[in-house]
Structures are given as structure tokens and as C-alpha cells.
Amino acid sequence: RALLGILVLASVGWARHVVPLPKNVYDGSDDVSTKIVNGVDAFPGQFPFQASIQFNTNFNHVCGCSLIRSRWLITAAHCINYAPSTYRVVLGLHDLSNYNNGGDPEAYNVNTIILHPDYSEDPNIGFPNDVALIQLSEDANLNNAFIETIELAPDDGHKYIGDTCYISGWGRISGPGPLASILQYA
């Protein structure tokens with residue numbers, strides 16, 4: 001029940017993490033706060049909760065996820081359609097194309113995948129409850145300087161309307177274009 005509570009809390013986007021931003025990234029004069037495609041390069045360790053879900057067979061990046069507990073991550077349900085053994089999760093990663101370029105990547109096997117019980121893949125209703133939990137086969141190494149859990153916001157009634165938020169991941173760098181190699185944020 002506690003994990004379902006976390007799932008529901010996270011499904012409405014109430015996650016906070018204090019992320020130090022370089023002074024030259026956002027001064028209010030550009031549109032970094034409106035970008036989803038073509039974000040800004042993060043520096044190594046800027047988003048230590050960010051992880052890469054990858055196929056176990058070829059290590060290709062599938063989707064991003066966030067570490068919420070030492071053994072649990074949250075992601076979009078549409079990202080994980082296969083058995084847990086199909087995937088691995090890499091934490092502490094900065095560059096998908098060169099694991100030695102920043103960060104200190106560590107790969108973990110996936111033990112369990114839990115989709116939101118009301119998730120629907122129906123595009124006609126907008127993929128409601130598109131959220132899932134991933135359980136690792138072992139605790140993540142929180143002694144690694146590049147791996148940390150994200151702080152979930154308290155259930156204190158705050159609505160977060162108008163609050164600034166940041167997204168991170170290895171998403172597309174242009175509309176139908178390639179994925180970013182370096183972790184991005186917007």
C-alpha cells in the first residue's frame with residue numbers, strides 16, 4: 001500500500017529536487033522553461049536521480065526513469081511493455097554514447113515492474129495514468145556521488161500551480177530527430 005501511495009503521489013507530478021543551475025542557463029530572457037525537445041546539456045551529477053532504462057540485449061536506451069528509493073524507480077508505463085528480464089537500469093549515467101564521459105554509471109537488473117492499475121494504452125483517451133514503478137534486483141549504490149534518490153514532495157495540500165519545475169532526460173534533440181547523447185534538461 002505504501003508503494004501504491006508513492007505511485008499515486010508521483011503520478012500527479014509532485015516531485016521536487018533542488019537542482020543547482022549554472023547562472024548562464026536561465027536568466028528569464030530565453031525560453032528554456034518552455035522547451036521539451038532540444039533541451040540544455042546537464043553537467044555530470046546535476047540530476048543524480050535520473051536513470052536510463054535499457055534493453056538487456058543491446059543496451060539501447062528505452063526511456064528515462066527517476067530513483068525514488070534505493071531499490072525503486074518511477075517511469076512512464078508506456079516505456080516498459082515487456083518482462084522485467086528484458087531491461088536493465090543504468091544509474092549515474094551522463095553520456096549514452098560514452099560511459100566514461102562524466103558520471104559513474106552502474107547497471108542494475110530489473111526485478112519487478114508495476115504498472116498503475118488504471119493505466120490505459122488507449123490514445124483516444126490520452127493514455128491516462130501513464131506511470132509505473134520499477135524494482136531493482138538490488139539496492140542502488142547511494143555511495144556513488146552520481147546516484148541519489150529524488151525527494152518526493154510532501155502531501156501537504158500545496159497545489160504547485162505556477163511553480164517552476166525542471167525535466168531531464170535523453171529525449172529527442174529535434175522533432176522526429178535522434179536522441180540526445182548527453183543528459184538534457186528544460
Side-chain angles (χ1 to χ4, degrees), residues 2-11 13 15 17 36-37 39 42 44-123 127-152 167-173 176-185:
L3 284 176
L4 185 55
I6 291 171
L7 178 63
V8 171
L9 180 63
S11 72
H17 184 77
I36 293 177
V37 173
Q46 186 174 0
F47 298 94
F49 51 83
Q50 180 71 56
S52 170
I53 303 169
Q54 301 178 351
F55 287 118
N56 252 333
T57 53
N58 57 16
F59 306 149
N60 283 343
H61 176 76
V62 176
C63 272
C65 56
S66 293
L67 188 66
I68 58 173
R69 297 288 181 267
S70 62
R71 194 176 282 204
W72 289 94
L73 300 105
I74 192 164
T75 191
H78 74 264
C79 291
I80 46 179
N81 301 325
Y82 304 108
S85 61
T86 306
Y87 306 103
R88 72 182 198 156
V89 171
V90 181
L91 290 155
L93 184 60
H94 179 68
D95 185 343
L96 289 173
S97 65
N98 180 356
Y99 279 28
N100 296 317
N101 182 21
D104 185 10
E106 295 186 23
Y108 296 88
N109 291 322
V110 174
N111 187 54
T112 306
I113 294 172
I114 302 172
L115 301 180
H116 190 287
D118 295 324
Y119 168 61
S120 173
E121 292 185 36
D122 185 349
F127 302 100
N129 304 300
D130 187 10
V131 64
L133 293 173
I134 298 172
Q135 182 188 39
L136 300 177
S137 59
E138 62 184 298
D139 287 345
N141 177 11
L142 297 178
N143 292 319
N144 181 325
F146 296 93
I147 299 174
E148 186 179 308
T149 60
I150 189 169
E151 179 186 351
L152 296 178
I167 57 171
S168 61
W170 292 273
R172 304 232 176 259
I173 53 176
L179 295 176
S181 294
I182 302 293
L183 182 63
Q184 303 288 294
Y185 73 98

request  = Could you tell me which non-hydrogen atom of Pro123 sits nearest to which non-hydrogen atom of Glu121, and how far apart they are?
outcome  = CD-O, 3.1 Å
message = With a 4.5 Å cut-off on side-chain heavy atoms, are Asn109 and Leu136 touching?
response = no
task = Might you work through the side-chain contact (heavy atoms from CB on, under 4.5 Å) test for Ser120 and Phe127, ending with a clear yes or no?
result = CA-CA 5 Å; Ser120 173; Phe127 302 100; over 6 Å; no
query = Any salt bridge (charged side-chain N to carboxylate O under 4.0 Å, His left out) pairs touching residues 70-79, not counting sequence neighbours?
reply = Arg71-Asp139
key: Least distance between heavy atoms, Cys65 atom then Val89 atom   = SG-CG1, 4.1 Å
ask   = Taking C-beta and beyond as the side chain, do Pro128 and Tyr119 meet within less than 4.5 Å on heavy atoms?
value = no
task = State the CD-OG distance between Glu148 and Ser70, to the nearest 0.5 angstrom.
result = 13.0 Å
task = For Asn111, check side-chain hydrogen bond (donor to acceptor under 3.5 Å, both in side chains) against everything at least two apart and list the hits.
result = Gln135
query = Roughly how far, to the nearest 0.5 Å, is the CD1 atom of Ile74 from the CZ atom of Arg69?
reply = 10.5 Å
inquiry  = Could you tell me if the side chain of Val110 sits less than 4.5 Å from the side chain of Ser137, heavy atoms only?
reply    = no
remark   = Sorted by chain and residue number, the side-chain hydrogen bond (donor to acceptor under 3.5 Å, both in side chains) partners of Tyr108 (sequence neighbours excluded) come out as Glu106
Value rounded to 0.5 Å, distance of OG in Ser66 from CD1 in Ile150 = 5.0 Å
remark   = Note: Gly103 and Pro44 closest approach over all heavy atoms is N-CB, 3.7 Å
Ring pair (Phe, Tyr, Trp, His ring centres under 6.0 Å) partners of residues 84-105, not counting sequence neighbours, each pair once = Phe55-Tyr87
inquiry  = Quick check: do Leu67 and Leu91 have side-chain heavy atoms less than 4.5 Å from each other?
reply    = yes
task = Looking only at non-hydrogen atoms, find the nearest pair between Leu96 and Ser52 and report the distance.
result = CD2-OG, 3.8 Å
remark   = Those residues at least two apart in sequence (or on a different chain) that pass side-chain hydrogen bond (donor to acceptor under 3.5 Å, both in side chains) with Ser168 are Gln50
query = Is there a side-chain contact between Leu183 and Trp170 (heavy atoms, below 4.5 Å)?
reply = yes
task = Would you check if Leu93 and Gln54 make a side-chain contact, meaning some heavy-atom pair closer than 4.5 Å?
result = yes
Check: Thr75 side chain, Gly64 main-chain N or O, donor-acceptor pair, under 3.5 Å = yes
inquiry  = Just verifying a value: how many Å separate Asn60 CG and Leu179 CG, rounded to the nearest 0.5 Å?
reply    = 9.5 Å
remark   = With sequence neighbours left out, the residues meeting side chain to side chain contact (heavy atoms under 4.5 Å, CB included) with Ala107 are Arg88, Val90
inquiry  = Going by the rule side-chain hydrogen bond (donor to acceptor under 3.5 Å, both in side chains), which residues pair with Ser97 if we only count those two or more places apart in sequence or in a different chain?
reply    = Asp95
request  = Look up atom CG in Leu133 and atom CG in Leu73, then write down how far apart they are to the nearest 0.5 Å.
outcome  = 9.0 Å
query = Just by distance, do the side chain of Glu151 and the backbone of Thr149 share a donor-acceptor pair under 3.5 Å?
reply = no
query = Got a sec, which residues hit side chain to side chain contact (heavy atoms under 4.5 Å, CB included) with Asn143, two or more places apart in sequence or on another chain?
reply = Asn141
Can I get a per-line list of side-chain donor-acceptor pairs under 3.5 Å for residues 78-85, giving both atom names and the distance, sequence neighbours left out?
from	atom 1	to	atom 2	distance (Å)
His78	ND1	Asp130	OD1	3.3
His78	ND1	Asp130	OD2	2.6

inquiry  = Using the side chain to side chain contact (heavy atoms under 4.5 Å, CB included) criterion, which residues pair with Pro178? Sequence neighbours excluded.
reply    = Ile173, Ser174
ask   = How long is the span from the CZ atom in Phe49 to the CD1 atom in Ile147, to the nearest 0.5 Å?
value = 13.5 Å
task = Please name all residues satisfying side chain to side chain contact (heavy atoms under 4.5 Å, CB included) with Asn100, sequence neighbours left out, ordered by chain then number.
result = Asn98
